[in-house]
Amino acid sequence: MTTRFSRRLSLRLVAGVAVTLSSLLMSGCADANTHVRVPETRKPLAPPVNADNQRFADWLTEFRLEAMKAGIRPQTFDRALAGVGPDEDVVAADQNQPEFVKPVWEYLKGALSDKRVQRGQAALAENKALLDRLEKAYGVDRHVIVSIWGLESNFGDFMGTQSVVRSLATLGFEGRRPDYGRTQLVAALKIIQAGDVQPEEMLGSWAGAMGQTQFIPTTYLAHAMDFDGDGRRDIWHSTADTLASTAHYLEVSGWETGGHWGYEVTMPAGFDYALADMSLTKSVGEWSKLGLKRADGRPFAATDAQAGSSLFLPAGYKGPAFLVLKDFKTILAYNNSTSYALAVSLLADRFRGGGEIRGAWPLDERPLSRSEREELQTLLTAKGYDHGKADGIIGYNTRKAIRSYQASIGLPPDGYPTSSLLDRMRAK
Ligand code: CA
């Protein structure tokens, strides 16, 4: 559980960095027009008791000037950061690059538990009137909104208990991506300054994902909504604001009203597995001509014939296959993990009584650990399949190199790294 949670958060953090850079540029433009009196001296916020605290106090002094330039008032800053020191748990979480990952089938088992399905169905009934209004306002399927709510915070049960201000100050001070921490902390202070939430109520994850929607502060600033009309965007306490914020974020990320995420499919014998890559898009009609069929035997919806879609094999050619449409890719804006997007999609279907997977998972395969992934990359390079740096991250170039190697030894080139493939590479 901890491993998956950390991985999810680091993925979110990676997605957050892109936001960070553009927000930095944008706030840079705004700065020129913002005239804020910057006080020259201030009281230390916490008495320095050792060298680390002194370093943090120095960092805070410098960051305070940056925040003032971005339009944060001194009283907002001093109230929010009063007594705040670095959080060792946040540093540890930030530096922990998990060695092991759960197989996708185990992750899905937890994500799609009967209990979560039942709670989601109850939430759909309880919030029917609200969801009617949300579908009208944002055009996003209610089942997906509630599914994301269930996976992000278990319907508001687990929002994280850490002070977002303290976590972000720690990441800005000594995180692996200090720019992320600084940008997000400025955004958090803007939220506090707008009166949406008190600093001590601003709780979330160690990485600064906040409230029931798990928005990072820049995402909150851009997309959070006040849907219950009390003048505050409250993703911590208000179900209406939480679900509207989620729906709004999906709408602006490109959700297609009336669309759907995709289908479980089967491939014909002799299918070219090199085509199974999220970066490759064909229309459902084209896939159909290549012999793809729905796993449940029904025909593809005629309205999807021209729809762009990609073939996604979450566990390689031995496992279930999915043809994913545009709305699936929109869910990735929320959390850039294909396993997460699949869980959101299937959970939404389970609320409606579907979402069962027909294909069998390759239970005898296990995902490679981080060091095994690095070893696989090193072996690929040694065999002349170039992919860049051996960093343990299986990206497009690594998948391409794996495909070339698989093809050279007569295996289906699905680009999927498995323990059996690694064993084979070690032996040769
Ligand atoms: Ca509100």
Side-chain angles (χ1 to χ4, degrees), residues 12 16 19 23 26-27 30 34 36 67-68 70-84 123 126-140 142 145-146 148-169 183-253 333-334:
R12 182 192 305 286
V19 177
S23 336
M26 282 168 67
S27 63
T34 311
V36 180
M68 305 291 111
I72 302 301
R73 292 189 291 272
Q75 53 271 41
T76 306
F77 190 95
D78 295 343
R79 155 120 164 70
L81 283 138
V84 167
E126 261 166 49
N127 298 287
K128 188 185 173 300
L130 168 65
L131 290 162
D132 285 344
R133 289 170 58 218
L134 288 174
E135 278 189 345
K136 206 168 278 175
Y138 302 106
V140 178
R142 67 184 62 209
I145 299 171
V146 172
I148 288 180
W149 188 28
L151 288 171
E152 289 296 332
S153 63
N154 203 33
F155 311 99
D157 284 356
F158 305 115
M159 297 184 262
T161 54
Q162 272 153 308
S163 154
V164 168
V165 168
R166 186 180 184 201
S167 298
L168 293 173
T183 307
Q184 295 303 325
L185 184 50
V186 167
L189 293 168
K190 284 182 180 170
I191 295 164
I192 291 166
Q193 188 157 282
D196 283 309
V197 63
Q198 296 296 314
E200 51 281 354
E201 286 180 354
M202 195 180 225
L203 300 179
S205 75
W206 67 265
M210 316 183 295
Q212 301 188 41
T213 57
Q214 294 285 282
F215 279 3
I216 56 173
T218 48
T219 302
Y220 175 106
L221 279 179
H223 305 305
M225 301 304 290
D226 168 27
F227 204 73
D228 61 14
D230 71 349
R232 295 165 60 236
R233 303 189 283 176
D234 187 348
I235 56 171
W236 292 268
H237 307 100
S238 162
T239 302
D241 290 3
T242 294
L243 301 186
S245 298
T246 296
H248 181 233
Y249 190 24
L250 290 172
E251 183 199 25
V252 298
S253 302
Y334 218 99

Starting at [atom1] of [X], measure out to [atom2] of [Y] and round the result to the nearest 0.5 Å.
| X | Y | atom1 | atom2 | result |
| --- | --- | --- | --- | --- |
| His223 | Thr246 | NE2 | OG1 | 11.5 Å |
| Tyr138 | Leu250 | OH | CG | 11.5 Å |
| Ile145 | Glu135 | CD1 | CD | 6.5 Å |
| Lys190 | Ile72 | NZ | CD1 | 6.0 Å |
| Trp149 | Asn127 | CH2 | CG | 5.0 Å |

Would you call [X] and [Y] a side-chain contact if the rule is heavy atoms closer than 4.5 Å?
| X | Y | answer |
| --- | --- | --- |
| Ile148 | Gln214 | no |
| Phe227 | His248 | no |
| Phe215 | Ile191 | no |
| Leu189 | Phe77 | yes |

Pair Thr218, Gln184: side-chain N/O donor-acceptor within cut-off below 3.5 Å |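 Present: a donor and an acceptor within the cut-off.
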Are Gln193 and Arg79 close enough that a side-chain donor and a side-chain acceptor fall under 3.5 Å?
->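 No, because no side-chain N or O of Gln193 sits under 3.5 Å from a partner of the opposite role on Arg79.
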Under 3.5 Å, is there a donor-acceptor pair between the side chain of [X] and the main chain of [Y]?
| X | Y | answer |
| --- | --- | --- |
| Ser245 | Met225 | yes |
| Asn154 | Asp157 | no |
| Tyr249 | Ala333 | yes |
| Asp241 | Asp228 | yes |
| Tyr334 | Thr213 | yes |
| Gln162 | Leu203 | no |

Where [X] and [Y] come nearest, the two heavy atoms and their spacing:
| X | Y | value |
| --- | --- | --- |
| Met159 | Ile235 | SD-O, 4.5 Å |
| Val165 | Met202 | CG2-SD, 4.3 Å |
| Ala188 | Pro217 | N-CB, 3.6 Å |
| Leu131 | Ala123 | CD1-O, 4.4 Å |
| Val84 | Ala169 | CG1-CB, 4.5 Å |
| Val164 | Gly204 | CG2-N, 3.6 Å |

List for me each residue that meets side-chain hydrogen bond (donor to acceptor under 3.5 Å, both in side chains) alongside Asp196, sequence neighbours excluded, and say none if there are none.
->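 By the side-chain hydrogen bond (donor to acceptor under 3.5 Å, both in side chains) rule, Asp196 matches Tyr220.
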Which residue, Leu243, Leu130, Asp132, forms the side chain to side chain contact (heavy atoms under 4.5 Å, CB included) with Arg142?
->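 Output: one option passes, namely Asp132.
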